[in-house]
Amino acid sequence: MIKSLAYLGVISPQYKEWETFGPEVLGLQLAGHGADGAVRLRLDDAAHRISIHPGARNEIAYIGWSVKDEADAKAVAERVAAYGLDVARASEVDSAQRQVEGFYWFRDPSGFRHELSWGQVHTVAPLRPGRPVSGFRTGEQGLGHVVLAVSDLAEGDRFYREVLGFHQSDTVKDGELQAHFYHINGRHHSLAISSLPTRQPAFLHLMIEVNALDDLGAAHDLCEQRNIPITTTLGRHSNDHMTSFYMYTPSGFRLEYGWGGLDVDHDLWIPRIYDKPSSWGHRRQHKELTALMSVDSPAQ
Ligand SMILES: [Fe+2]
């Protein structure tokens, strides 16, 4: 019953840098500030979808999902509670900060804070991207996708499918790498999970998708011109066909900038196993910069 990825919040001492990084590099629109000074960014009709909150260190704060309405949010929340996790209903003040009508929230078995929101505020004001882009692929497919390193891959797989209702798209098994990909709408995956050798939970990346290959190329040029580290070179993923590269954001996490992702039809889809994550490219570099955001903050 979770319909799409609605929004994402991170905490970062470098939050102010997003006032230029977001519009000028990513092509997002600056959408004002939160009560704590958070930099809010917009990429479609939703009032904002990305918030970078001020804080002492880089951390993933919350992952916001859209459900149809309050009753659906409650139904998912009850399943989470039955699994044995604490679930809380957000205050009106917190809901207003997210620009949604309301949400329930909980921490998953790895400690990631998820929010089950309904009634996301959309605005009729036309999008004003920070640089010329033909727009972002969102709508029913939501903000994009997030990839998490969970503490226990088998437990995570069970939790996201059986409790939260994510549908398996496929699994990549390549040597040490094993990752599960899940869809909840036409986007091949809104969530993927993997596991690090340390079993430490970590936020691995956020993907946003542009409408045109040239938008992707322009971002690639900008990263080179501004010496923004490209942590994974241009390439194409085997499973969702996304042509993309990954850049290092000012807040210590990687952002995948993609184009041309595969649509899936849930009724026809048969989960697959892939032997490689990419069909070409996607060479990891600047491995020293792929520092991972921790998730152990009780804040936000
Ligand atoms: Fe990705």
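Please read all numbers here as calculations on a predicted model, not as lab measurements. When a ligand or atom number is given, it counts from 1 through the structure's own listing order.
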So, 2.8 Å as the limit: is an N/O/S atom of [X] located closer than that to the Fe ion (ligand 1)?
{"X": "H237", "result": "no"}
{"X": "E256", "result": "yes"}
{"X": "H189", "result": "no"}

Going by the side-chain hydrogen bond (donor to acceptor under 3.5 Å, both in side chains) test, name the single residue among R187, H183, Q141 that passes it with D263.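 It is Q141; the other options fail the test.
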
When you measure from the Fe ion (ligand 1) to each N, O or S atom of H145, which atom gives the shortest distance?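 The atom in question is NE2.
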
Heteroatom of H205 nearest to the Fe ion (ligand 1) (N, O or S, atom name):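 Within H205, restricted to N, O or S, the Fe ion (ligand 1) is closest to atom NE2.
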
I'd like to know whether the aromatic ring centres of H237 and H282 sit less than 6.0 Å apart in this structure.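 Yes, close enough.
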
Do we get R272 above W269's six-membered ring, with its NZ or CZ under 6.0 Å from the centre and within 45° of the axis?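 Yes, cation above the ring, under 6.0 Å and within 45°.
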
Stacked cation flag R161 on F166, 6.0 angstrom / 45 deg: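 Geometry flag: not set, cation outside 6.0 Å or 45°.
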
Is a side-chain donor or acceptor of S195 paired with a backbone partner of R199 at a separation under 3.5 angstrom?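 Such a contact is absent between S195 side chain and R199 backbone.
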
